[in-house]
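Step one of this worksheet: look at the structure below.
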Amino acid sequence: MSTDYDIGFASGLDERQPVVILLDASGSMARPASNPRIAEVDSALTTLFESVRSQARLRARVEICLITFGSQVRVYDAGASALVTAEQADPERAFVPVEKLSPPPLTAEGYTCLEPALDVALRISAERRRTLEDRRLSVLRPLIWLVTDGAPSDERGRPLDAAELAPLADRLRTAEAALPPDGCVFLTIGVQGADRRLLEVLTPGATFMLEGLDFTQILQFLLRSSDRVSSIGTAGEVHREVARQAALQKAMNELSEKHL
């Protein structure tokens, strides 16, 4: 069994922020050919990892689990330095500090089978929180980021409409309201061309666009919150704070462009 020290965390650290990045790697993410969506995601994740590595507090506390999905769900295994099937994934090696996270280039292929990917993300995040609490470590509610172009389908590739997504949305709200170790905070992040209205059916009040969104600011907010209280606020409070930050960043970007 791996230990926290083995995978790079400082001995004696008493606070963790698990982050699950649930990444759409279906065939639609390879479009448009001139500027594929998967490349936009690669760039954003590189920026996130570099930012976390550069800040001691984040580097010491944030642990990341990378899950990709198309027709099949895969989880990054730090020990194997590879994406493995969900059945092969070991929760002990799925959450790692960014120094240990060097996933292979992502390939976009297959259908957008979102529901089984969500099952894996919710299960593995709850298992990790339970493991950390069993080790008497303080752990914040896992943060799950779904990064997608907003075109979920069934296992045969048939697109799902708003009515079919509603039960999945109910499951997410239930997960966010659950008591430890099952609670989480869920955000949906759309890439270029994403159907935002459809995504908002899945996560009303918690859907954001990747362009201009600062992942690191979200992590810093959660850790600042944990300094003030024993745990972060409700999922809705986190959603509203992320929305505020996203609006502020957008306004700053527009102001900067105006003065160019």
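Donor-acceptor pairing under 3.5 Å is recorded for the side chains of Gln88 and Thr85. Ser51 and Gln55 share a side-chain donor-acceptor pair at under 3.5 Å.
Proximity of Cys65 to Val19: side-chain heavy atoms (C-beta onward) are nowhere separated by under 4.5 Å. Within the 4.5 Å cutoff, the side chain of Glu133 has no heavy atoms near those of the Ser138 side chain. Side chains of Glu15 and Val139 form no contact here, defined as non-hydrogen atoms less than 4.5 Å apart. Using a 4.5 Å heavy-atom threshold, the side chains of Val75 and Val120 count as touching. Residues Arg16 and Glu63 have side chains in contact (heavy-atom distance under 4.5 Å, counting atoms from C-beta outward). Side-chain contact check for Leu165 versus Leu198: some heavy-atom pair is nearer than 4.5 Å. Residues Gln72 and Pro116 form no side-chain contact, since every pair of their non-hydrogen atoms from C-beta on lies 4.5 Å or further apart. Between Leu132 and Phe95 there is no side-chain heavy-atom pair separated by less than 4.5 Å.
Separation of atoms CG (Leu45) and CG (Leu66) is listed at 7.0 Å; rounding is to 0.5 Å. We find the CG-CG distance between Leu118 and Leu202 to be 6.5 Å, quoted to the nearest 0.5 Å. In this structure, CG on Leu83 lies 9.5 Å from CG on Asp77, to the nearest 0.5 angstrom. The OG atom of Ser54 sits 8.0 Å away from atom CZ of Arg59, with the distance rounded to the nearest 0.5 Å. With values rounded to the nearest 0.5 angstrom, Asp90 atom CG is found 8.5 Å from Ile124 atom CD1. Interatomic distance, Arg74 CZ to Phe69 CZ, rounded to the nearest 0.5 Å: 14.0 Å.
Remark: Phe208 CZ is packed, more than 12 non-hydrogen atoms of other residues, nucleotides or ligands lying under 6.0 Å away.
When all heavy atoms of Ile21 and Phe49 are compared, the closest pair comes out as CD1-CE2, 4.2 Å. Listed here is the closest heavy atom pair of Cys184 and Ala235: O-CB, 4.4 Å. The shortest non-hydrogen separation linking Gly190 to Leu199 is CA-CD1, 4.0 Å. Here the shortest heavy-atom pairing between Pro36 and Ala33 reads CD-O, 3.7 Å. Heavy atoms only, all atoms of each residue included: Met29 and Val191 are closest at SD-CG2, 4.0 Å. The two residues Ala166 and Val201 have their closest heavy-atom pair at N-CG1, 4.5 Å.
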Show your working on salt bridge (Lys or Arg N to Asp or Glu O under 4.0 Å) between Asp42 and Arg37 and close with a plain yes or no.
CA-CA 9 Å; Asp42 265 334; Arg37 296 159 182 163; over 6 Å; no
Checking Glu200 against Arg197 for the salt bridge (Lys or Arg N to Asp or Glu O under 4.0 Å) test, could you report, in this order, the C-alpha distance in whole Å, the side-chain angles of both residues, the deciding distance, and whether it holds?
CA-CA 5 Å; Glu200 286 177 341; Arg197 285 184 297 179; over 6 Å; no
Going through the checks in order, is the side chain to side chain contact (heavy atoms under 4.5 Å, CB included) test met by Ile64 and Tyr76?
CA-CA 10 Å; Ile64 295 176; Tyr76 181 72; over 6 Å; no
Start with the C-alpha gap between Glu164 and Arg158, add the side-chain angles, then the distance that decides, and say whether salt bridge (Lys or Arg N to Asp or Glu O under 4.0 Å) holds.
CA-CA 11 Å; Glu164 291 170 306; Arg158 182 182 61 84; 2.8 Å; yes
Begin with the C-alpha distance, continue with both residues' side-chain angles, and end with the deciding distance and a verdict on side chain to side chain contact (heavy atoms under 4.5 Å, CB included) for Ile144 and Leu122.
CA-CA 8 Å; Ile144 303 177; Leu122 293 171; 3.9 Å; yes
Verify side chain to side chain contact (heavy atoms under 4.5 Å, CB included) between Arg128 and Thr131, making sure each step is shown before the conclusion.
CA-CA 5 Å; Arg128 182 57 177 167; Thr131 295; 4.0 Å; yes
Walk me through it: do Leu23 and Val41 pass the test side chain to side chain contact (heavy atoms under 4.5 Å, CB included)?
CA-CA 9 Å; Leu23 177 58; Val41 172; 3.2 Å; yes
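Under the 4.0 Å criterion applied to side-chain N and carboxylate O atoms, Glu92 and Arg135 are assigned as salt-bridge partners. Using a cutoff of 4.0 Å between basic side-chain nitrogens and carboxylate oxygens, Arg129 and Asp134 are not scored as salt-bridged. Using a 4.0 Å cut-off between charged side-chain N and carboxylate O, Glu176 and Arg171 make no salt bridge.
Among the candidates Ser71, Pro159, Ser26, the single residue satisfying the side-chain contact (heavy atoms from CB on, under 4.5 Å) test with Thr112 is Ser26. The side-chain contact (heavy atoms from CB on, under 4.5 Å) with Leu146 is formed by just one residue from the set Ile189, Thr188, Leu172; it is Thr188.
Both Leu160 and Leu168 are members of a single hydrophobic cluster when ILVMFWY side chains are connected at heavy-atom separations under 4.5 Å.
Taking the six-membered ring wherever Trp is involved, the centroid distance between the rings of Phe186 and Trp145 does not fall below 6.0 Å.
In this structure a side-chain-to-backbone donor-acceptor pair under 3.5 Å is missing from Glu115 to Ser153. A donor-acceptor distance shorter than 3.5 angstrom exists from the side chain of Arg196 to the backbone of Thr207, with no hydrogens or angles considered.
Listed by chain and residue number, nothing satisfies the salt bridge (Lys or Arg N to Asp or Glu O under 4.0 Å) test with Asp24 (two or more places apart in sequence, or in another chain).
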